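Structure first, commentary second.
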Amino acid sequence: VRSDRRLGDVALLGTLGVLLAAVAQFGPFLYTSPLRTPLNPVFATTAFVGELLWVAAALAAYWRDPTGRMWKLLLASRVVAALGAIWVVNTSLTWTVWEATVGLGTVVFAHLVLAFPTGRLVSRYDRWLVIGSYAALAVARLLFVLVWDPRTGACFPRCPVNPFLIWPNADLAWLFGPGLSLAIPVLAVLVSVSLLRRWLAASPALRRMLLPVALVAPVELGVTAARYLVAMDQDAWESVGITLSTSPLAFIHAAIPAGFLLGMIAARLARAGIADLAVELGRGVPLGGLRDTLARALRDPTLALAFPAPDGGGWVDPHGQPIEMPPPTSARSVARLERDGETLASLVYDPAIEAEDPGRIDAVASVARMALENERLAAQVRAQLGEVRASRTRIVEAADAERRRIERDLHDGAQQRLVALAMRLDQARGRTADASTIIDTATAELLQAIREVRDLAHGLHPPILTERGVAAAVEALAERAAVPVRVSIPPGRLTPDIEAAAYFVAAEALTNAAKHAAASEVTVEGRIEAGAFRMTVRDDGRGGADASAGSGLLGLEDRLAAVGGTLTINSPPGGGTLVLALIPLSEAAG
Amino acid sequence: MAADRPLRIALADDAVLLREALAGSLTAAGFEVVGQAGDVAELTALLQRGEPDVLILDVRMPPTHTTEGLEASHAIRRDHPRIGILLLSQYIETRYALELLRDDPVGVGYLLKERVTRIEQLADAVRRVADGGSVIDPEVVSRLLGRPRAHSPLDELTPREREILGLMAEGRSNAGIAEQLVVDGKTVEGHVTRIFSKLGLEPAGGDHRRVLAVLTYLRGE
């Protein structure tokens with residue numbers, strides 16, 4: 001239904017466009033005027049074909065996006081072109097109106113070029129350029145018709161009168177009339193520069209679409225500027241201007257709608273590539289190669305694929321590496337593929353694709369859905385693997401660091417004491433008077449060494465954890481803590497790895513509470529709930545703990561991950577710290 | 001118990017070197033070492049042949065090297081209630097001290113292993129255990145007393161009362177405390193009564209029961 005209505009609109013628009021084109025090219029010949037040159041059938045027909053290309057481009061733009069601005073702009077340029085034909089009607093009013101609109105076609109053309117291919121002006125520079133040009137032209141031409149007296153200057157035979165003339169002034173009339181021609185080359189340069197800047201910054205897809213204007217517009221603007229300059233002098237106009245206006249260069253602007261139409265046809269033909277995509281996917285794409293395949297089918301080499309990260313937060317690329325999604329304000333578009341409310345994948349693509357061929361993204365995405373699903377699973381497995389590797393590395397590093405700490409403790413403590421002890425006993429040899437003093441000192445040092453070795457050994461693995469389980473071990477820990485600790489854990493036994501994980505979480509959390517949080521009380525609670533051992537350590541300290549900052553907490557995360565558990569830390573600044581460890585009892589760690 | 005007869009001691013520890021050294025020290029201190037065992041099986045056999053006055057055994061022994069000594073002590077006290085038992089441990093756990101006392105607070109002791117280096121301390125402990133007293137390592141007591149607390153009746157005790165509470169927790173009798181602090185027995189009794197009333201404890205029946213009451217209070221509060 002919608003398509004039928006659009007077809008009707010297109011027919012209406014097409015009729016209007018052809019009429020405008022006919023008026024622009026053949027209108028002058030319907031009216032007998034001494035001012036026009038005789039009809040050159042070849043030239044007029046060629047120009048008419050050029051006009052029809054513009055009309056066709058307007059229709060195509062309307063067909064592609066009826067709500068867009070492009071077709072309106074294209075149509076407006078044709079209305080202005082048709083308006084140019086009224087100069088030939090030799091009445092004062094038509095003559096004056098025509099004079100008042102001289103240059104409008106050039107400004108509309110500049111607008112069209114800058115707004116290509118969507119009809120929207122993208123940069124602020126472009127907007128000011130276009131608005132400024134319209135405003136300057138309107139003001140100059142309005143002042144022109146107020147001061148211009150056609151009878152004073154060199155005039156065609158039977159000069160018309162200016163009905164709007166209120167204050168004849170030849171100097172001002174020159175300034176706002178022929179003098180304005182000097183501004184045209186400036187406009188041509190400004191537009192060409194802006195176009196060049198856009199071209200340099202454009203993505204491959206956008207360049208495909210910009211190609212006709214980028215090639216043609218500077219030439220067309222150059223020719224126009226030359227024609228205006230030449231027209232300032234009657235002799236120059238007759239020797240050069242006429243030639244310029246009738247040479248093949250006069251038709252070069254028609255290459256813009258032609259390129260526009262060709263681009264649309266090419267984009268349509270690219271849809272056929274989606275069928276090839278289906279075949280290619282059917283044959284099977286190697287894992288990780290899907291992005292390249294889709295980029296070819298979409299004709300967007302900048303395409304990126306993103307999959308939801310396995311832990312639910314953030315995104316990963318096909319290699320499982322974490323990636324950032326572009327913010328909504330960025331110059332990238334995101335298409336999210338969902339199934340039953342679950343996100344399968346996101347395609348990050350060039351918005352020019354949407355302008356070039358609306359619907360291609362949807363078409364490609366629906367064909368590639370199954371392959372994307374596979375790629376998503378592979379990416380998520382890779383991401384998990386990456387996390388496991390990182391965790392394994394951290395565990396090895398933590399073990400090494402622990403070995404170094406033990407070595408240092410033994411070296412600085414017990415070993416030094418034992419050496420000193422041996423020396424003291426050696427001193428006691430052969431003496432009788434102060435032997436007992438030496439032995440007393442030696443014994444004291446020996447006891448200190450014994451104590452240090454005991455603390456060291458106990459810190460490595462508290463025997464009571466193996467002997468009596470996590471409740472007893474955490475209670476023993478609480479007895480030694482530097483802050484009051486309330487412990488509430490049922491006495492039952494769990495598997496050794498779960499007990500060890502829970503114990504070390506409590507130990508680290510208690511150490512942090514005393515050392516960093518300046519807590520005045522800590523509560524440790526443990527219970528079995530929904531098939532998991534759930535332990536919370538809550539303190540009333542200063543908060544602000546961060547798992548990523550302290551290697552201690554990160555090590556705990558690894559330890560818990562190894563038994564399939566999770567660690568959650570809630571530590572708002574000034575609001576105490578809550579450490580929650582959740583360990584599934586049916587150990588299903590991967 | 002005849003004062004002229006030396007106390008007969010049995011030793012159970014899998015560390016032979018330490019066991020021999022301990023035997024040497026004890027013999028030098030006037031005790032008679034009547035047997036040695038390296039594990040629970042040997043120990044059981046040893047006790048079948050004859051009961052010592054005091055058994056000194058390590059908490060951790062083969063095969064699992066966890067709490068075999070502790071488990072064995074429960075069985076021995078059931079089967080041989082007349083033997084005084086002194087448990088030695090490399091680490092001190094207040095929980096184990098209480099488990100030991102809870103069975104029957106008569107003739108038991110729980111000491112940090114390194115105490116054996118001071119033979120007079122060890123000899124004192126052995127004698128108290130042989131006398132049916134209880135001996136708790138000062139480490140247990142200092143850990144319980146030193147534990148940080150939010151608000152506690154312990155704050156109301158004077159330093160001297162705290163000291164006496166500690167000695168009670170170690171298993172000392174009033175006479176022992178009086179001797180240690182060089183005051184007379186009546187003074188100690190007065191302190192003990194005030195401590196019990198400040199902490200809201202029932203006066204315990206005898207020195208033996210008192211240890212358990214005080215430790216339980218300190219641990220659980």
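Quantities reported herein were computed from a predicted structural model and do not represent experimental measurements.
- Ion pairing of A/Arg454 with B/Glu114 is present here, as a side-chain N (NZ or NE/NH1/NH2) and a carboxylate O approach within less than 4.0 Å.
- The greatest number of non-hydrogen atom pairs below 4.5 Å with chain B, out of A/Glu475, A/Arg486, A/Glu521, is found for A/Glu475.
- The 12-atom threshold is not exceeded at CD of B/Glu179, counting heavy atoms of other residues, nucleotides or ligands nearer than 6.0 Å.
- Looking at B/Thr66, the atoms closer than 4.5 Å to chain A (heavy atoms on both sides) sit in the backbone and in the side chain alike.
- Taking A/Ser520, A/Pro463, A/Pro462 one by one and counting their heavy-atom pairs under 4.5 Å with chain B, the maximum is reached by A/Pro463.
- Counting heavy-atom pairs closer than 4.5 Å to chain A, the top-ranked of the candidates B/His65, B/Glu99, B/Arg60 is B/Glu99.
- The number of heavy atoms from other shown groups lying within 6.0 Å of CZ (B/Arg115) is above 12.
- The greatest number of non-hydrogen atom pairs below 4.5 Å with chain B, out of A/Leu447, A/Asp455, A/Thr466, is found for A/Leu447.
- Here A/Ile464 contributes atom CD1 and B/Tyr96 contributes atom OH; the two are 4.5 Å apart, rounded to the nearest 0.5 Å.
- Per-residue heavy-atom pair counts under 4.5 Å with chain A were compared for B/Lys113, B/Arg95, B/Gln90, and the maximum is reached by B/Arg95.
- Heavy atoms of A/Ala481 lying under 4.5 Å from chain B belong exclusively to its backbone.
- Using a cutoff of 4.0 Å between basic side-chain nitrogens and carboxylate oxygens, B/Glu139 and A/Arg451 are not scored as salt-bridged.
- Other residues, nucleotides and ligands contribute only 12 or fewer heavy atoms inside 6.0 Å of the CG atom of B/Leu17.
- Here OG1 of B/Thr67 is found 5.0 Å from CZ of A/Arg468. Values are rounded to the nearest 0.5 Å.
- Only the backbone of A/Ala482 comes within less than 4.5 Å of a heavy atom in chain B; its side chain stays farther off.
- Heavy-atom distances place no part of B/Glu68 under 4.5 Å from chain A, backbone and side chain included.
- Looking at every heavy atom in both residues, A/Ala476 comes nearest to B/Glu93 through CB-OE1, 3.4 Å.
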